[in-house]
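Beneath this line is the structure, given in structure tokens, with notes to follow.
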Amino acid sequence: MLVIDGLEAAYGLSQVLFGITLRVDAGRLVTLMGRNGMGKTTTVRAMMGLLPIRAGHVRLEDTALHGLPAHRIAQAGLGLVPEGRQVFPNLSVYENLVATAGNRRQVPEPWTVERVYGLFPQLAARARSLGGTLSGGEQQMLAIGRALMTNPKLLILDEATEGLAPLIRAEIWRCLATLKAAGLSILLIDKNVEALTRLADHHYVLEKGRVVWDGTSAELRARADVQHRYLGV
């Protein structure tokens, strides 16, 4: 589905990524893990065309994404739930959902507003509320729903549950489990090792812009040294 090979990127003269290589197979949930400032969000920004790539390749199925503008990358099938949610504060919940909706690939059963409301009933109750008036958890649900409305091939979530109350976190994990069971490919950034190892198929751990370890959930659970050294648990 998604293959990143030898990705390098920088902010000005400061290089942040040093040869990132990873893959997300179809229907799999894969994580990017690591402490703050290790390059996880930069990897997402580079693959989404929001940061120039110095070297390396990004492919989604048979489409080369490196060098394309961000809107073309989104149209190719990457749906991003960005860090900080970034919903449109002056649009209603309904307007946020339809603002970027599209079914360019002619998916037989596309995501609709009603289907998003079925996934997140709280949003149905707030359909006419402005995005800026929602709680943090509701905004995260809205950001996920907005990305799903583009009918992506791959859903990317940057800090999926950061700053959310425990009950809302549980709701987000439930949503992601549902989406994975439906066959959606997912690339996920989060810090909750226990939840991630229950849900994900494969993990990549970043340290100072490099992949320093990767493996399955069973392998990560068995590696207390990796968790302690790179994840701070």
Side-chain angles (χ1 to χ4, degrees), residues 1-7 9 16-17 19-36 38-51 53 56-66 68 70 72-86 105 111 140 143-162 172-173 175-193 195-207 209-217 220 230-231:
M1 176 63 71
L2 174 75
V3 176
I4 298 176
D5 183 25
L7 187 65
V16 179
L17 302 182
I20 298 293
T21 295
L22 61 87
R23 63 182 295 149
V24 181
D25 292 332
R28 309 284 275 180
L29 194 157
V30 173
T31 75
L32 273 181
M33 304 176 74
R35 295 189 180 95
N36 290 339
M38 293 298 108
K40 304 185 300 296
T41 294
T42 301
T43 300
V44 170
R45 288 178 54 82
M47 62 186 285
M48 291 297 302
L50 300 172
L51 181 69
I53 293 175
H57 303 279
V58 181
R59 299 190 68 85
L60 182 66
E61 294 181 331
D62 296 327
T63 303
L65 302 183
H66 44 278
L68 296 180
R72 290 283 305 281
I73 292 174
Q75 290 172 354
L78 295 189
L80 176 62
V81 181
E83 183 179 18
R85 296 130 199 172
Q86 300 183 31
R105 297 185 295 115
W111 282 91
Q140 185 70 344
I144 294 172
R146 182 180 60 185
L148 291 173
M149 288 289 288
T150 68
N151 290 285
K153 296 179 181 178
L154 174 72
L155 181 67
I156 305 167
L157 299 99
D158 191 354
E159 299 295 355
T161 65
E162 184 179 30
I172 299 299
W173 296 129
C175 158
L176 293 176
T178 299
L179 295 174
K180 178 187 175 184
L184 182 62
S185 305
I186 301 171
L187 179 63
L188 175 62
I189 296 174
D190 201 84
K191 297 181 178 66
N192 190 323
V193 176
L196 293 177
T197 54
R198 286 198 308 265
L199 187 62
D201 299 294
H202 203 89
H203 308 270
Y204 291 88
V205 177
L206 269 58
E207 174 83 357
R210 294 177 170 87
V211 175
V212 292
W213 185 90
D214 76 277
T216 66
S217 287
L220 182 56
Y230 300 116
L231 304 177

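All residue numbers in this chain count up from 1 along the given sequence. Reckoned from all heavy atoms, side chains included, excluding hydrogens, waters and symmetry mates. Everything numeric in this text was worked out from a predicted model, so none of it was measured.
For the pair Leu22/Leu32, a side-chain contact is recorded, criterion being any heavy-atom separation below 4.5 Å from C-beta on. Proximity of Arg35 to Lys191: side-chain heavy atoms (C-beta onward) are nowhere separated by under 4.5 Å. At a threshold of 4.5 Å between non-hydrogen side-chain atoms, the residues Glu83 and Ile189 do not count as touching. Within the 4.5 Å cutoff, the side chain of Ile144 has heavy atoms near those of the Ile172 side chain. For the pair Leu148/Leu184, a side-chain contact is recorded, criterion being any heavy-atom separation below 4.5 Å from C-beta on.
Listed by chain and number, the residues in a salt bridge (charged side-chain N to carboxylate O under 4.0 Å, His left out) with Arg210 amount to none (sequence neighbours excluded). Taking Asp214 as the reference, His202 meet the side-chain hydrogen bond (donor to acceptor under 3.5 Å, both in side chains) condition, with sequence neighbours excluded. Legend: residues meeting salt bridge (charged side-chain N to carboxylate O under 4.0 Å, His left out) with Asp201, ordered by chain and number and at least two apart, are Arg28, Lys180. Applying the side chain to side chain contact (heavy atoms under 4.5 Å, CB included) rule to Ala26 yields the partners Met1, Ser185; only residues at least two apart in sequence or on another chain are considered. Contacts of Thr150 classified as side-chain hydrogen bond (donor to acceptor under 3.5 Å, both in side chains), with partners at least two apart in sequence or in another chain: none.
Between the Gln140 side chain and the Thr161 main chain, no donor and acceptor come within less than 3.5 Å of each other. Looking at Lys40, its side chain never comes within 3.5 Å of a backbone N or O of Leu206 through a donor-acceptor pair. In this structure a side-chain-to-backbone donor-acceptor pair under 3.5 Å is missing from Tyr204 to Thr21. In this structure, the side chain of His203 does not engage the main chain of Gly215 through any donor-acceptor pair within 3.5 Å.
Taking CD1 of Ile156 as the start and CG of Leu187 as the end, the distance is 5.5 Å to the nearest 0.5 Å. Residue Met48 holds its CE atom at 5.0 Å from CG of Leu80, rounded to the nearest 0.5 Å. Interatomic distance, CG of Leu65 versus CD1 of Ile73, reported as 5.5 Å (0.5 Å rounding). Atom CG of Leu231 is separated from atom CD of Glu207 by 9.5 Å, given to the nearest 0.5 angstrom.
Of the listed residues (Thr31, Val44, Ile186, Asp190), just one forms a side chain to side chain contact (heavy atoms under 4.5 Å, CB included) with Leu157, and that residue is Ile186.
Residue pairs meeting the salt bridge (charged side-chain N to carboxylate O under 4.0 Å, His left out) criterion with at least one member in residues 57-66, sequence neighbours excluded, are Glu61-Lys153.
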